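Structure first, then comments.
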Amino acid sequence: MAKRQINLRQTATMFATMLLAVVASTIFIGGCTDTLKEDVLDNEKPLVFFVNIPPEGQQFSRNPLVYWYGTDRDGLIDYYRIHVATDDEVGSQAPEEYIASVNDTSWMYIDVDPAESEPQTGQTVPMSANVLDPVNSYVPQWVFLQAFDMEGASSEVAYRLFFRNDNPPQTQLYNIIAADNPFVNAVNPGGIITGIRLRWSAEDPIDFPSDPPPFEYQWRLYGPYTTSEISQLSDSFFTEVFISSDGFVYRIGDTIIRCDTSFVDTAVAINCDTTVVVPGMGSSALGAMEDYFRVDDSDFVGSMYDRVEDSSFNGIDPWVLNTTDTIYNVFKTIDVDTTSQMKFILWVRSRDDAFVPDPAPAFDTFSVINPRFERDVLVLDFAPVFGFTHTSPRNWPQSSYPDSFHVSKFWKEAITAWDPNIGAGFDVNQDWQQTRRFNVILPMNILLNHKVVILHNDEIVASGITDSKIGLPLYKAIDAGVNMWATMRAAISGGPTQPPTQNVIPPFAYQFYFAVRKMAFSGSFCLGDTTGFTPCALNARIEDFVGAYSLDTQKWPDLTVVPEYLKSRLRYQGLVRYNDAYPALPEVNWSEARYGAEVMYLYKSMYGAAHPLGRRDDFDFVMEGAPVGHRQNTGLFRTVHFNFTPIVLEPTSFQQLFDTVMNYLYDPSIATPVSEIRYPEAQNKLSVSEQRRRYWLRNEEAAREEGIDLTNYNTTDKAER
């Protein structure tokens, strides 16, 4: 090594002498006036020198910024080139001998633009570290520099020796958000469900507390695994390891030895401490515990658990720069006809600009559902299962009262009348579910094995659909291709003590998927309380929905409430009981649809436009003619939204409506993923305001014939309500 050391003082003296010679030559040439025109001077080669920053032999833990000085006495510098070689690569050769053997393609080239003010005499030089011992070991490496002028002449090669170590990076996976867990498998891109979207990152807080260079990543997706397999895999191959501050991996039971050397008098004293790695060992100056997936262990490689479903390996190189990827068709090795949910493991390792990898790659386990839509219609009943209810269906137990009314039987009969084959396959144990029985989250596998989902809430208390545990799975199912019909009273707002609320603004997701801009809640229970228990008691019975006007009777019929069904199919509990004087369904309000939806039905009030509570500043109780049902076709999915529920409607007209709705929603050929344009006939329809305005204009004469006074009824205000 000594024979290659550069004498900095000698180099500086030589540099000064050469500069004086250059200046003297310039003065001499400039003073000559009798040079013959035909004399041609030979092109002189440029000069290049390292400056004193950074100095020879400096140690770095990151790629250094190296500076130099270049000049061309009779022209301009065209470009520089740099080459880096470790001391092992140079070997026993002198640096001059080594660099003479290097191919031109092994250099890094830096063009010089003479029009730019930046002289381009500095460059971050890529250097490597010892992967086996990156922190304690400094790798010596030579940086070679050469300049070329516009005539192609090259300078002598300058070189310096530097040393590089490295602190390994740390890899992180972004937490999978609730809306993505579980993921829904997509075979190809298309539609809203776009596969398994995963993200990761890395940091190097010691070497790069800020502005780190780009990291490279290697990732693998392992799976699919059953719940039992993932448990066994976790027990066998997931463990804790201790990552020492100098980048070594210690397993449970290993001993960490750290020794310090000191001088005592004329002797050398070596003191060593030993630490045994135990589970849950805390962080310290020695390092920290991290979770570890033993993917490189011989007992894992080639085992039944070594299932790489996808990876960053392109056949040549496993390392990529991107920090995100979307993975498709992760069930291609499994051929099943039923919807299944299985586990996968994402494993990601980063490496830094010295090619040192993270000693403890990050990994995470998550679920993916493969939807097959093998069943037909699912009815989700939002009515409370136990506790205080108000006007929910009686739902007499079918085992005890086989001939009595039950919501599941009601829907089964409607489905059978629409399609006997589908009705025969409707299993009340699978295809009718009460959402409030799911205490954790609405299972996605139940939703995604159906083609159509009906959301039914026969209650004056909010359905709970705005709870993320219920709403998010529903919206994801729509994204995956399931069409839905929401037929619910008090869909998103309402309770027994809640006063009337004129403008209820749904969450954005509800607005998007069910085409509802705003709704109303009339507070029928709160206003009808005669005991004073509720804060807004008026002793006013305001249930008045007796049917719905069809806006296109060629498509769907007018609907009528059957008073007898109000008594026999609903149970009234609490402070407001059924009264024959008010044979109407309570808590049916209006919904203003988003533009693009097609309004189907308008509210038919028992009072017409002359409701006894009238139009107040805080609430408009005149519901007559308000929109209560619409449908939307986005091109990707279809939904239908009603503010009223069907179990009290006249059966013949309801069945006609049911057939129409199901023919609109049911897609027998649904497959994953649904195409971007699943329903090409989708188009924007009239807004709700315009639909309502037309309704009032064409019904004005009919309203007068029925004794309804519309003189003081502002149709414009109604349309914009």
Side-chain angles (χ1 to χ4, degrees), residues 377-385 389-398 401-418 423 426 428 431-436 452-465 484-491 494 524-525 543-548 550 556-573 576-580 582-589 600-601 603-604 606 628-629 640-662 665:
V377 183
L378 170 68
V379 177
L380 284 179
D381 195 339
F382 285 78
V385 179
T389 60
H390 305 95
T391 57
S392 60
R394 291 187 178 276
N395 275 350
W396 298 110
Q398 297 184 81
Y401 306 93
D403 296 327
S404 64
F405 178 80
H406 195 278
V407 168
S408 63
K409 186 165 66 173
F410 169 85
W411 286 108
K412 181 177 176 62
E413 291 173 351
I415 294 170
T416 302
W418 164 63
F426 184 88
V428 296
D431 304 318
W432 177 76
Q433 301 283 345
Q434 291 182 286
T435 60
R436 300 183 192 233
V452 174
V453 175
I454 298 172
L455 313 177
H456 178 202
N457 185 47
D458 246 321
E459 182 50 286
I460 65 173
V461 176
S463 66
I465 194 173
M484 291 192 186
W485 177 11
T487 174
M488 302 192 287
R489 296 182 287 144
S524 62
F525 185 92
E543 58 264 46
D544 69 338
F545 180 81
V546 293
S550 169
W556 33 75
D558 290 332
L559 302 174
T560 303
V561 169
V562 178
E564 177 57 33
Y565 290 167
L566 293 169
K567 293 186 291 184
S568 63
R569 295 185 175 183
L570 293 177
R571 55 180 177 181
Y572 291 73
Q573 296 184 156
V576 181
R577 300 304 181 101
Y578 178 77
N579 188 323
D580 285 329
Y582 305 96
L585 189 64
E587 213 55 66
V588 174
N589 303 291
M600 301 167 62
Y601 283 104
Y603 196 112
K604 182 177 182 180
M606 182 174 65
V628 292
V640 177
H641 186 274
F642 285 178
N643 284 83
F644 57 91
T645 46
I647 66 174
V648 296
L649 297 178
E650 189 277 319
T652 302
S653 57
F654 165 70
Q655 189 63 52
Q656 295 175 23
L657 167 65
F658 181 85
D659 295 352
T660 302
V661 170
M662 292 306 296
L665 296 177

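Source: prediction; values computed, not measured.
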Is any side-chain heavy atom of [X] less than 4.5 Å from a side-chain heavy atom of [Y]?
X    : Y    : result
I647 : Y565 : no
L649 : F658 : no
S463 : L455 : no

Any donor-acceptor pair under 3.5 Å from [X] side chain to [Y] backbone:
X    : Y    : answer
S550 : D558 : no
T560 : G547 : no
R489 : P586 : yes
Q655 : A414 : yes
Y578 : P583 : no

Just checking F426 against W432, ring centres under 6.0 Å apart?
no
Assess the residue pair F644 and V561 against the criterion (side chain to side chain contact (heavy atoms under 4.5 Å, CB included)); give the C-alpha distance rounded to whole Å, side-chain angles, the decisive distance to 0.1 Å, and a yes or no.
CA-CA 10 Å; F644 57 91; V561 169; over 6 Å; no
Measure the spacing between [atom1] of [X] and [atom2] of [Y] and express it to the nearest 0.5 Å.
X    : Y    : atom1 : atom2 : value
T435 : N457 : OG1   : CG    : 8.0 Å
L665 : T660 : CG    : OG1   : 11.0 Å
D381 : H406 : CG    : NE2   : 8.0 Å
S408 : H456 : OG    : NE2   : 11.5 Å
L585 : L566 : CG    : CG    : 6.0 Å
L657 : T652 : CG    : OG1   : 12.5 Å

Which heavy atom in F405 sits nearest to a heavy atom in V407, and how many Å separate them?
CE2-N, 4.0 Å
Shortest non-hydrogen contact between L380 and F382, atoms and distance:
O-CD1, 3.5 Å
Side chain to side chain contact (heavy atoms under 4.5 Å, CB included) evaluation trace for Y582 with M606:
CA-CA 8 Å; Y582 305 96; M606 182 174 65; 4.0 Å; yes
F410 and F654: CA distance, side-chain angles, deciding distance, ring pair (Phe, Tyr, Trp, His ring centres under 6.0 Å) verdict:
CA-CA 12 Å; F410 169 85; F654 165 70; 5.3 Å; yes
Pair D431 + K412, salt bridge at N-O below 4.0 Å:
no
Derivation of the side chain to side chain contact (heavy atoms under 4.5 Å, CB included) call for I415 and W418:
CA-CA 5 Å; I415 294 170; W418 164 63; 4.2 Å; yes
Can you sort out the partners of S653 under side-chain hydrogen bond (donor to acceptor under 3.5 Å, both in side chains), two or more places apart, ordered by chain and number?
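Expected list: E650.
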Suppose we screen for side-chain hydrogen bond (donor to acceptor under 3.5 Å, both in side chains). Which residues come up paired with T645, at least two apart in sequence or across chains?
D458
Side-chain donor-acceptor pair under 3.5 Å between E587 and S524, yes or no?
yes
Taking only residues two or more places apart in sequence or in another chain, which ones pass ring pair (Phe, Tyr, Trp, His ring centres under 6.0 Å) with H641?
Y510, H630
Among N589, D544, N643, V546, side chain to side chain contact (heavy atoms under 4.5 Å, CB included) partner for Y603
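That would be D544; it is the only one of N589, D544, N643, V546 passing the side chain to side chain contact (heavy atoms under 4.5 Å, CB included) with Y603.
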Walk me through whether V377 and M662 qualify under side chain to side chain contact (heavy atoms under 4.5 Å, CB included).
CA-CA 9 Å; V377 183; M662 292 306 296; 3.6 Å; yes
